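Below is one structure, written out as structure tokens, with a few remarks after it.
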Amino acid sequence: MNDNQDLKIEWYPGHMAKSLRLIGDELKLVDAIVYILDARCPMSCINPKFTQFTGRRPTLFVLNKIDLAKRDALDKFKKAMPGQNVITLNSTRSGDTKKAITVLEKMLVEKINNAKSKGITRTLRAIVIGVTNTGKSTFINNISSKAKTITGDKPGVTRTKQWVTAGDYLMVLDTPGTLYPNIGGKSESGVCQTAKNLAYIGSIKDDILDIVLLSKHLIADLERLQPGSVTARFGASDFDGICKKRGYVLKGGVTDEERAAKAILVEFRAGKIGAFNLDELL
């Protein structure tokens with residue numbers, strides 16, 4: 001592929017820096033951390049400054065959107081992050097987040113029992129963090145059984161902190177997403193694979209990217225992971241071929257590249273091309 005040098009993914013807006021400061025402030029008030037990761041690329045979603053902020057606070061890693069990932073996503077993550085508390089779920093499925101409450105209560109059982117011994121009903125507080133567009137707000141809406149937070153399919157929807165009751169003894173805090181402080185480093189292919197993975201899953205706004213080049217990279221990477229997957233969905237394995245098969249052509253026979261790029265990205269994000277583990281590309 002000859003487009004590597006032209007694809008640039010360098011983004012760290014002010015509200016992301018603000019969200020990191022917000023997390024640092026709120027950590028003083030919480031008992032545990034819930035780190036929401038996209039199961040298609042969980043290692044790509046982990047912010048390198050995470051341990052700097054968390055210290056020794058108990059953390060529950062949630063591999064969300066598990067329905068879009070390969071079946072071995074959990075095993076591979078546990079191997080990469082041994083000894084961690086990890087669950088998988090699909091936060092859009094009603095009641096699926098209840099397992100998170102169960103695990104959090106087990107993780108914090110000592111605090112619960114200490115409070116009970118003093119005749120106190122302890123309200124546990126957990127902060128929900130993660131890269132944008134991994135489903136944090138949807139997770140909280142599900143765990144609270146009420147649509148308390150604002151959700152959307154674009155990064156940056158959540159801009160302020162929101163405390164939500166998630167049961168008799170648990171409150172959770174939704175925060176703006178956190179992204180890599182520097183995702184501009186290049187790999188041998190010419191562009192940072194972690195940055196591409198985040199762009200593929202929608203954690204970086206499409207409107208600041210060249211989505212045509214991004215979709216071309218996506219096609220190439222999906223074919224690397226699962227040869228034939230792109231052809232099975234679109235009837236072709238290259239961008240121009242997909243445009244022709246889908247009829248994405250303007251008057252005069254000019255290819256409607258933007259329409260094709262949007263379709264490729266939308267269908268991947270919806271799981272229509274297949275289940276993948278993008279971290280295998282790292």
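Nothing here was measured: the structure is a model prediction, and the numbers come from that model.
Between L278 and I201 there is a side-chain heavy-atom pair separated by less than 4.5 Å. Residues M171 and T123 have side chains in contact (heavy-atom distance under 4.5 Å, counting atoms from C-beta outward). A heavy-atom distance below 4.5 Å is found between the side chains of I242 and I264. Proximity of L282 to N197: side-chain heavy atoms (C-beta onward) are separated by under 4.5 Å at one or more points. Looking at heavy atoms from C-beta onward, I36 lies in side-chain contact with V128 at the 4.5 angstrom threshold. You'll find the side chain of I9 stays beyond 4.5 Å of the side chain of C192, heavy atoms only.
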Quick one, K196 with L281, criterion side-chain contact (heavy atoms from CB on, under 4.5 Å). Give me CA distance, side-chain angles, the key distance, then yes/no.
CA-CA 10 Å; K196 288 201 295 180; L281 297 164; over 6 Å; no
Verdict with reasoning, T132 to K205, per side-chain contact (heavy atoms from CB on, under 4.5 Å):
CA-CA 10 Å; T132 54; K205 291 182 179 180; over 6 Å; no
Verdict with reasoning, T97 to I140, per side-chain contact (heavy atoms from CB on, under 4.5 Å):
CA-CA 8 Å; T97 55; I140 290 178; over 6 Å; no
Please report the C-alpha distance between F234 and I273 in whole Å, then the side-chain angles of each, then the deciding distance to 0.1 Å, and finally whether the side-chain contact (heavy atoms from CB on, under 4.5 Å) criterion is met.
CA-CA 9 Å; F234 297 104; I273 304 178; 3.6 Å; yes
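Checked against side-chain contact (heavy atoms from CB on, under 4.5 Å), N277 has the following partners two or more places apart in sequence or in another chain: K70, K76, D279, E280. Residues forming a salt bridge (charged side-chain N to carboxylate O under 4.0 Å, His left out) with R57 (at least two apart in sequence, or on another chain): none. For K262, the salt bridge (charged side-chain N to carboxylate O under 4.0 Å, His left out) partners at least two apart in sequence or on another chain are E258. The side-chain contact (heavy atoms from CB on, under 4.5 Å) check on V86 picks up F61, L63, L74, F77, K78, Q84, with sequence neighbours excluded.
Panel note: side chain N142, backbone R93; a donor-acceptor pair is recorded below 3.5 Å. Between the R269 side chain and the Y200 main chain, a donor and an acceptor come within less than 3.5 Å of each other. N133 places a side-chain N or O within donor-acceptor distance of the main-chain N or O of G202, the cut-off being under 3.5 Å. At least one donor-acceptor pair closer than 3.5 Å links the side chain of N64 to the backbone N or O of S91. Side chain of T138 to main chain of G135: no donor-acceptor pair is present (N/O by atom type, distance under 3.5 Å, no hydrogens or angles).
One finds the OG1 atom of T121 at 11.0 Å from the CD1 atom of I112 (value rounded to the nearest 0.5 Å).
Sorted by first and then second residue, the side chain to side chain donor-acceptor pair (under 3.5 Å) pairs with a member in residues 229-250 read R233-E267, R246-Y248, R246-E267; sequence neighbours excluded. Pairs engaging residues 99-113 under the salt bridge (charged side-chain N to carboxylate O under 4.0 Å, His left out) rule: D31-K111, D96-K99 [sequence neighbours left out].
Cation-pi geometry between R40 and F268 is met: the NZ or CZ atom falls under 6.0 Å from the ring centre, inside 45° of the normal.
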